[in-house]
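Below you'll find the structure, written out as structure tokens, and then a few comments.
Order of appearance sets the numbers: ligands from 1, and atoms from 1 within every ligand. Positions are given from 1 along the sequence. Worth knowing before you read on, the calculation uses all heavy atoms, side chains too, and leaves out hydrogens, waters and symmetry mates.
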Amino acid sequence: MTAETAVDRARDIAQSTVAASAAENDRLGRFSTDAFDALGRAGLLGMMLPAEIGGAGLGPRAMADVIAALAEADASVAMVFLMHTLGSLTIAAAKRTPALARVLVDIAAGRHLSTLAFSEAGSRSHFWAPVSRAVSSNGSGVRISARKSFVTGAGHVHSYVASALAPEAKAPTDSTLYLVDAQAPGLTVAEPWDGLGLRANASSAVLLEGCVVPNDQRLTDDGAGFAAMLSIVLPLFNVGQAAVSLGLCRAAVSAVAAHLKSARFEHLGATLGEALPNLRAQLATMQIETDGLSARVDDLVEHLERPRDMTLLRVLETKAAAGDIAIAVTSTAMRVCGGAAFSKRMSIERLFRDAHAGAVMAPTGDVLREFIARAVLGMPLF
Ligand SMILES: Cc1cc2nc3c(=O)[nH]c(=O)nc-3n(C[C@H](O)[C@H](O)[C@H](O)COP(=O)(O)OP(=O)(O)OC[C@H]3O[C@@H](n4cnc5c(N)ncnc54)[C@H](O)[C@@H]3O)c2cc1C
């Protein structure tokens with residue numbers, strides 16, 4: 001599968017499967033099983049995995065384009081896809097055991113969905129500092145007890161890439177990553193997810209109570225979880241999250257343009273778009289911001305393909321900017337479309353609600369600003 005094929009397949013699935021059920025899944029808070037069946041059949045669940053285990057070996061550019069296409073139809077689906085992709089890459093980067101190899105083959109075959117379970121009730125958005133600690137279990141593995149505060153896809157995935165302090169951890173960032181089976185005794189999903197936005201992405205809390213993880217499902221060396229979070233997860237999470245924001249902005253521009261072309265002042269004999277220059281100006285601002293975000297995403301992808309001095313700053317800046325841009329563009333869309341957008345007849349209020357998740361998903365916009373300023377001042381980030 002080439003990058004172009006992957007993006008074409010994502011667009012087809014977005015149109016044929018995802019878009020049609022987005023409003024109803026949002027209303028009901030229902031996870032889109034159909035979307036993930038289709039993405040699995042299309043080979044997209046393993047799009048970034050290495051070819052030797054059946055993946056397509058694609059890079060960040062294809063990932064960002066696929067995610068933006070999915071997010072234009074439903075940001076919840078795009079977010080689950082992003083978390084799965086990051087989980088799959090973390091598993092792929094681990095020392096290959098037969099157990100992990102089986103999981104990777106299943107992912108590439110579209111039969112296995114994974115996710116990240118980093119955030120904890122105790123350390124909140126500071127995902128780099130889990131308060132849970134793995135306890136050695138007779139040398140055959142570890143036991144983990146943790147309250148993971150939000151886990152995208154909870155109850156619908158087959159495995160969780162979870163963090164915990166290493167058994168002998170001395171510092172708050174001495175974590176290890178583990179692959180926890182969804183069926184592991186002691187793992188329960190808390191109450192169903194009922195959020196303001198991303199209502200179809202099942203981001204419930206997950207409770208681990210003495211879950212046993214065998215040695216062959218440990219994903220990093222003890223204490224090396226933090227480095228894996230920063231090197232494998234963070235850059236791709238940030239570009240993927242920015243791509244979700246981009247998809248939301250594009251959807252908002254399309255919805256506003258359609259409304260301005262169809263809604264009419266009959267007494268004036270004109271559409272809203274024909275009658276009101278202030279609405280045209282606001283649509284133009286939305287378009288400018290959306291294309292600006294697109295350029296930022298492209299720039300970050302290019303940095304990830306060819307890392308250099310400014311790459312870390314771009315990683316931090318792009319997600320911070322994307323969260324704010326998505327909120328601004330969808331807020332403008334709400335205003336431009338008036339009461340029609342305020343009612344649930346249009347998709348715009350869903351886009352507006354979904355857009356607000358980006359800034360509070362860790363690393364949050366505030367935390368990113370703190371890191372950016374520290375980087376500019378030459379201070380240590382942590
Ligand atoms: C829809 C959704 C899906 C999610 N999915 C996942 C998932 O799949 N896996 C996962 O691990 N987590 C997930 N999360 C959790 C997410 O990544 C954050 O950890 C969570 O949203 C933080 O919420 P909190 O209430 O704990 O924030 P808090 O940490 O309590 O933050 C409160 C406020 O303080 C600010 N703040 C915090 N620290 C600082 C600082 N150092 N400097 C300045 N300001 C600061 C924050 O920006 C925020 O505005 C998800 C969250 C949501 C909303």
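An N or O contact shorter than 3.5 Å links Thr152 to ligand 1 by distance. Distances between N or O atoms of Phe118 and those of ligand 1 include at least one value under 3.5 Å. Some N or O of Leu116 is nearer than 3.5 Å to an N or O of ligand 1, by distance alone. Residue Ala357 has no nitrogen or oxygen atom sitting less than 3.5 Å from a nitrogen or oxygen atom of ligand 1, judged on distance alone.
Salt-bridge annotation for Glu120 and Arg124: absent, with no side-chain N of the basic residue lying under 4.0 Å from a carboxylate O of the acidic one.
Within the 4.0 Å heavy-atom cutoff, Arg369 does not count among the residues contacting ligand 1. Residue contacts with ligand 1: Met361 is included, with a non-hydrogen atom under 4.0 Å away.
Among protein heavy atoms, the minimum distance from atom 42 (N) of ligand 1 is reached at Val367 CG2, 4.3 Å. Remark: minimum distance from atom 17 (O) of ligand 1 to any protein heavy atom is reached at Ala362 N, 2.8 Å. At the top of the distance list for atom 21 (O) of ligand 1, counting protein heavy atoms only, stands Val360 O, 2.9 Å. Nearest protein heavy-atom neighbour of atom 3 (C) of ligand 1: Ser203 OG, 3.2 Å. If you check which protein heavy atom lies closest to atom 19 (O) of ligand 1, you get Ser119 OG, 2.9 Å. For atom 23 (O) of ligand 1, the closest heavy atom belonging to the protein is Phe150 CE1, 4.1 Å.
Contacts between Lys148 and ligand 1, counted as non-hydrogen atom pairs separated by less than 4.0 Å, are absent for every part of the residue. Proximity of Trp193 to ligand 1, defined as any heavy-atom pair under 4.0 Å, is confined to the side chain (atoms from C-beta onward). Contacts with ligand 1 closer than 4.0 Å are made by side-chain heavy atoms of Thr364 only, the backbone lying farther away.
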Exercise. Start with the C-alpha gap between Phe382 and Phe371, add the side-chain angles, then the distance that decides, and say whether ring pair (Phe, Tyr, Trp, His ring centres under 6.0 Å) holds.
Key: CA-CA 8 Å; Phe382 289 92; Phe371 288 162; 5.0 Å; yes

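Among Leu116, Val151, Leu113, Thr152, the one residue that satisfies the side chain to side chain contact (heavy atoms under 4.5 Å, CB included) test with Val157 is Leu113.
Heavy-atom proximity to Val151, at under 4.0 Å, picks out these atoms of ligand 1: 7 (C), 8 (O). Each of the atoms 35 (C), 43 (C), 44 (N), 46 (C), 47 (O), 48 (C), 49 (O) of ligand 1 lies under 4.0 Å from some heavy atom of Asp366.
For Phe81 and Phe36, the ring centers are positioned 6.0 Å apart or more.
Between the side chains of Ser114 and Ser159, a donor-acceptor pair is found at a separation under 3.5 Å.
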